[in-house]
Amino acid sequence: MAATAPAALQLLCRRPSLSAAQLRQVHAQLLTSSSLSLLLADRFLPNQLLRSLLPAHPLRVLRLFPRLRRILPGFRPNNYTFSFLLKSAADSSSSQGSDARLVASLHALAVVLAWDAHDYVANGLIHAYASHGLLPSARRLFDGAVTSRAADVCSWTSLLTAYARAGQVDEARALFDGMPRRNDVSWSAMLSAYVAAGGFADAVRLFEDMLRSGVRPNRAAVVGVLTACGALGALEQGRWVHAMVAAGARRSSRNDDGMIAIDGVVMTALVDTYAKCGSLDAARQVFAGATPEQRDVFAYTAMISGLSDHGRCLEAIDLFARMQAEGVRPNEVTFICVLTACGRAGLVGRAREVFRSMAAAHGVRPGVEHYGCLVDALGRAGLVAEALGVVRSMPMRPDSYVLGALLNACAARGDVEVGKQVVGWLAEQGLDHSGVHVQLSNMYAAWSEWGEVARVRRNMEERNVAKVPGCSMVEVDGVACEFVAGDRSHPRMPEIMSAVRDLHAHLRHRFDDIILVGVS
DNA sequence: ATAGGGTTAG
């Protein structure tokens, strides 16, 4: 019996992702009284046990720890023990919701056992606090660690990421600039911070700085800069990054000198970037070149979304079918894309069908976004009454997107009665920006009910509805041009209006399977 | 035996 403990331990260490049932069995073996002496004999064994559980079962590590202390009086947690525990605590923040007290109690325990002075433990605590978003605690420990020169590059990066997640990009950048040492992860963390904050041009600049400083970009940096290129519509930049990654992948397959491979995540980012930059063919090519393993739900969803955005709604719906035939299970985002494609293609029946199948066949409960897509699809097909019925039967409160879709449908059908009701609901929730009222007033105007038009305008003034004018920006030859709704002050306005008319005609001609709402 | 960054959305 005693001999089973090391065997079980070996099993644990080699196969860290055992099933729950297998783990219970191995633990039962390890914790028998005859094995306890073995565990006690080697002070590393309890740590091994914890470590073996970490990748797949972070919370189990936290539960097992007090039990080990109870049944093994000789067990002295050391710096490794704490680094495992803190890693568990940090990982549990994403999967199980934030539990601040968990980190605080580990901190307290580390102090009691005098392990908090150990560099690894101190850095682990900073990371655990930071990943729970507990910035003041993380910062206090971090400042102490910087003073005592204990703070390592991981702590700097963890804190940088925590500031970025809290929306403080400038603070993140200040940390980045202050780092005594940076590696690829520090660069990619800063790059992702910019992307998350919408600073796409800053992200692209940072990527170029990264290359100039001789740091080899990793997957995260490549994915981040591709996301930025997609958002900017920077097709040339995106192509350049693609070529760089492809060249590096070819080189490293020969002599393994370490450029990143185009794995599934990078491939998905490329599909998305090309599609967002208007190059559907390139997106298709990348997708077609992917291996079956790389074509996961993310890849399929990106491709479906790209097809739908380019007006290839029927192809998008076909790809959804092919995805299921390949055994890839759609998730909630996939359904948003597919429902959107159905709506744009005018396939209301298919939209209803897909919506019904979500919970029934795929175990995905429709969220408010899915109701929004369904209402939009019904509304584009002119089925205002059915759309209204869906809104009334929703198990959750309709948001501005749902009500906006319904209002669009009312406007398109000239249904002033329902439209008035929808504007009332929007007003109740404080979601009635000026455009909503303008839409209602336009509906009355279409029926020549000028008294009602005036009443809506008065109501807007009385209620002091905030005017948030629509606005867009484009960069031409390095000069930024801003356009605000109703503003005709640009010196080349006649040319611009003529280009807009051409574009509109082109859209109608090319995407005639799209139902355009609100464009006349 | 040790910690940090990443993909799809109306």
Side-chain angles (χ1 to χ4, degrees), chain A residues 13 44-45 47-52 54 78-91 118-128 130-131 151-162 164-165 179 182-193 195-196 217-227 230 260 263-273 275-276 294 296-306 308-309 323 330-344 367-377 399-402 404-405 408:
Chain A
C13 295
F44 290 155
L45 286 188
N47 282 342
Q48 292 273 20
L49 187 60
L50 293 172
R51 196 181 87 92
S52 67
L54 189 53
N78 59 13
N79 56 328
Y80 295 122
T81 326
F82 271 102
S83 62
F84 303 148
L85 291 172
L86 291 166
K87 176 83 167 82
S88 303
D91 290 350
H118 194 287
D119 285 2
Y120 290 134
V121 176
N123 284 301
L125 277 166
I126 292 166
H127 170 54
S131 52
D152 63 4
V153 63
C154 298
S155 281
W156 284 85
T157 309
S158 293
L159 197 62
L160 186 163
T161 304
R165 278 205 271 258
M179 290 180 78
R182 292 186 203 107
N183 59 16
D184 59 321
V185 181
S186 328
W187 282 92
S188 58
M190 189 63 233
L191 202 149
S192 308
V195 171
N218 54 23
R219 280 180 178 76
V222 168
V223 170
V225 75
L226 284 173
T227 306
I260 73 157
D263 66 353
V265 178
V266 173
M267 187 273 295
T268 299
L270 282 168
V271 169
D272 182 52
T273 303
K276 288 210 168 78
Q294 289 175 344
D296 59 3
V297 60
F298 285 93
Y300 269 107
T301 305
M303 194 66 238
I304 288 170
S305 166
S308 170
D309 283 347
M323 162 182 171
N331 65 18
E332 67 286 355
V333 180
T334 318
F335 282 109
I336 292 173
C337 298
V338 173
L339 288 169
T340 303
C342 292
R344 287 173 177 168
V368 68
E369 303 92 338
H370 303 102
Y371 279 95
C373 296
L374 181 62
V375 168
D376 189 50
D399 64 5
S400 67
Y401 181 80
V402 175
N408 278 336

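All values below were derived from every heavy atom in this structure, side-chain atoms included, with hydrogens, water molecules and symmetry-related copies excluded. The structure displayed is predicted, hence computed values, not measured ones. Naming convention: chains lettered A, B, ... in sequence-line order (proteins, then strands); numbering from 1 in each chain.
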Check the distance between [N]'s [atom2] and [X]'s [atom1] and give it to me in whole angstrom.
X: A/Leu226; N: B/dG6; atom1: CG; atom2: P; answer: 15 Å
X: A/Glu332; N: B/dG10; atom1: CD; atom2: C1'; answer: 14 Å
X: A/Leu86; N: B/dA1; atom1: CG; atom2: P; answer: 20 Å
X: A/Asn79; N: B/dA3; atom1: CG; atom2: P; answer: 12 Å
X: A/Asp376; N: B/dA9; atom1: CG; atom2: C1'; answer: 14 Å
X: A/His118; N: B/dA1; atom1: NE2; atom2: C1'; answer: 12 Å
X: A/Lys87; N: B/dT2; atom1: NZ; atom2: P; answer: 11 Å
X: A/Asn408; N: B/dG10; atom1: CG; atom2: P; answer: 15 Å

> Which pair of heavy atoms, one from A/Cys337 and one from A/Ser305, lies closest together, and at what distance?
Replying inline: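 So the minimum-distance heavy-atom pair works out to SG-CB, 3.8 Å.
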
Touch check for [X], heavy atoms < 4.0 angstrom, all strands: base, sugar-phosphate only, or nothing?
X: A/Asn123; result: base
X: A/Asp263; result: base
X: A/Val271; result: nothing

> Can you find an N or O donor on one side and an acceptor on the other, under 3.5 Å apart, linking the side chain of A/Asp309 with the base of B/dG10?
Replying inline: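 Checked by distance alone, the answer is no.
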
Minimum-distance nucleotide to [X] side chain [options: [options]]:
X: A/Cys154; options: B/dT7, B/dA1, B/dA3; answer: B/dA3
X: A/Glu369; options: B/dG10, B/dA1, B/dG6; answer: B/dG10
X: A/Thr268; options: B/dT7, B/dG6, B/dG10; answer: B/dT7
X: A/Asp152; options: B/dA1, B/dG10, B/dA3; answer: B/dA3
X: A/Val223; options: B/dT7, B/dT8, B/dT2; answer: B/dT7
X: A/Val333; options: B/dG10, B/dT8, B/dT7; answer: B/dT8
X: A/Tyr120; options: B/dG6, B/dT8, B/dT2; answer: B/dT2

>> According to a cutoff of under 5.5 Å between the ring centres and under 30° between the ring planes, does A/Phe298 stack with the base of B/dT8?
In response: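 No, A/Phe298 does not stack on the base of B/dT8, since the centre distance and plane angle fail the 5.5 Å and 30° test.
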
>> For a quick test of reading the model: is some side-chain N or O of A/Lys276 closer than 4.0 Å to OP1 or OP2 of B/dT7?
In response: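 Indeed not, no polar side-chain atom of A/Lys276 lies that close.
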
> Do the side-chain N or O atoms of A/Thr334 get closer than 4.0 angstrom to the phosphate oxygens (OP1, OP2) of B/dT8?
Replying inline: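 It does not, given that no N or O in the side chain of A/Thr334 lies less than 4.0 Å from OP1 or OP2 of B/dT8.
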
>> Using the ring-ring contact (aromatic ring centres under 6.0 Å, His included) criterion, which residues pair with A/Phe335? Sequence neighbours excluded.
In response: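 With sequence neighbours excluded, A/Phe335 shows a ring-ring contact (aromatic ring centres under 6.0 Å, His included) to A/Phe320, A/His362, given in chain and number order.
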
> Are any of the side-chain heavy atoms of A/Thr334 and A/Tyr300 separated by less than 4.5 Å?
Replying inline: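 A side-chain contact is absent here, since even the closest heavy-atom pair is not under 4.5 Å.
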
> Are A/Asp263 and A/Arg219 close enough that some pair of their side-chain heavy atoms sits under 4.5 Å apart?
Replying inline: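 They are in side-chain contact.
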
>> Check whether A/Thr227 reaches the backbone of A/Val223 with its side chain - one donor and one acceptor, N or O, closer than 3.5 Å.
In response: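 Answer holds: yes.
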
> Would you call A/Asp309 and A/Arg344 a salt bridge, taking side-chain N to carboxylate O under 4.0 Å as the test?
Replying inline: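 Answer for the salt bridge query: yes.
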
